[in-house]
Amino acid sequence: MSSKHHSRDEEEAGLLAKNFKRKKREPYRKDLSAEERLREKRERNRVSAQQTRNKQNDRIRVLEQEEEALIRERVALAQRLTRLEQEQQDIRREGQDIMQAVQELLRMQQQQQQQ
């Protein structure tokens, strides 16, 4: 048997029912005319088709919500990346400034020793 994996959103949305049991179809009714049986069959099919469309629409809504959440997360991560890159540049500049200051101090120290 294959195992299906469902997102937490689907489970929370109530789209997945535990121990779902299919409704048994009514037995063939001999007391109805062929036209009435056909009408009932069409009604059952109409109801089934509507249920399928409802499930599809529910699934689409869940996927759209997941998409929106992922888009928000992507935007937040892009902003964080930009901040971290700026911070990295600032730290590099500070490091360069410190190196220049140290080199200047060493140069001054050498000049004083030569005098």
Side-chain angles (χ1 to χ4, degrees):
M1 291 194 148
S2 66
S3 165
K4 289 188 178 181
H5 298 282
H6 302 283
S7 72
R8 180 175 291 164
D9 290 338
E10 287 175 317
E11 291 172 3
E12 289 173 0
L15 298 178
L16 303 174
K18 288 187 178 180
N19 301 322
F20 176 77
K21 292 184 180 178
R22 177 171 277 207
K23 183 179 175 184
K24 291 185 180 180
R25 205 168 87 185
E26 294 180 22
Y28 183 75
R29 296 192 47 194
K30 296 177 183 175
D31 61 324
L32 298 178
S33 69
E35 186 178 313
E36 290 171 320
R37 283 193 302 271
L38 181 60
R39 193 176 316 122
E40 283 188 357
K41 181 178 178 181
R42 285 182 177 160
E43 177 62 19
R44 283 193 309 272
N45 187 59
R46 185 191 66 74
V47 169
S48 178
Q50 185 61 50
Q51 290 172 341
T52 299
R53 285 189 293 273
N54 290 344
K55 285 180 185 180
Q56 288 173 340
N57 289 336
D58 290 343
R59 179 70 178 141
I60 288 169
R61 275 191 287 280
V62 167
L63 290 173
E64 287 172 343
Q65 291 170 353
E66 289 175 4
E67 178 190 27
E68 290 170 5
L70 289 171
I71 289 170
R72 286 191 301 272
E73 182 179 5
R74 189 180 108 233
V75 167
L77 289 171
Q79 291 171 346
R80 182 174 179 217
L81 176 62
T82 300
R83 283 193 307 272
L84 290 172
E85 288 173 341
Q86 183 61 48
E87 186 178 329
Q88 181 185 35
Q89 287 177 356
D90 293 345
I91 290 171
R92 283 186 176 159
R93 274 193 221 106
E94 288 176 19
Q96 289 172 349
D97 292 347
I98 291 170
M99 286 299 293
Q100 288 174 353
V102 167
Q103 289 172 351
E104 180 65 27
L105 286 173
L106 289 173
R107 193 171 44 78
M108 289 172 58
Q109 188 179 29
Q110 286 175 349
Q111 286 176 353
Q112 287 178 353
Q113 288 176 353
Q114 289 175 356
Q115 293 177 357

Verdict with supporting geometry, Arg59 and Gln56, side chain to side chain donor-acceptor pair (under 3.5 Å)
CA-CA 5 Å; Arg59 179 70 178 141; Gln56 288 173 340; over 6 Å; no
Could you give the distance from CD (Gln109) to CD (Gln111), rounded to the nearest 0.5 Å?
11.0 Å
Residue list, salt bridge (charged side-chain N to carboxylate O under 4.0 Å, His left out) with Glu104, at least two apart or on another chain
Arg107
How long is the gap from CD on Glu64 to CD on Glu66, to the nearest 0.5 Å?
11.0 Å
Which side-chain N or O atoms in residues 81-100 pair as donor and acceptor under 3.5 Å with protein atoms at least two apart or in another chain?
from	atom 1	to	atom 2	distance (Å)
Thr82	OG1	Ala78	O	3.0
Gln86	NE2	Asp90	OD1	3.0
Asp90	OD1	Arg93	NH1	3.0

Results of side-chain hydrogen bond (donor to acceptor under 3.5 Å, both in side chains) for Glu73 - residues two or more places apart only
none
Who pairs with Arg46 by side-chain hydrogen bond (donor to acceptor under 3.5 Å, both in side chains), at least two apart in sequence or on another chain?
Glu43
Please round to the nearest 0.5 Å and tell me the distance separating atom CG of Leu32 and atom CG of Leu38.
11.5 Å
The side-chain hydrogen bond (donor to acceptor under 3.5 Å, both in side chains) partners of Glu35 (sequence neighbours excluded) come to Arg39
Quick one: list whatever passes side-chain hydrogen bond (donor to acceptor under 3.5 Å, both in side chains) with Arg72, sequence neighbours left out.
none
Rounded to the nearest 0.5 angstrom, the CG-CD distance for Leu105 and Gln112 is 10.0 Å
Under 3.5 Å, is there a donor-acceptor pair between the side chain of Ser48 and the main chain of Arg44?
no
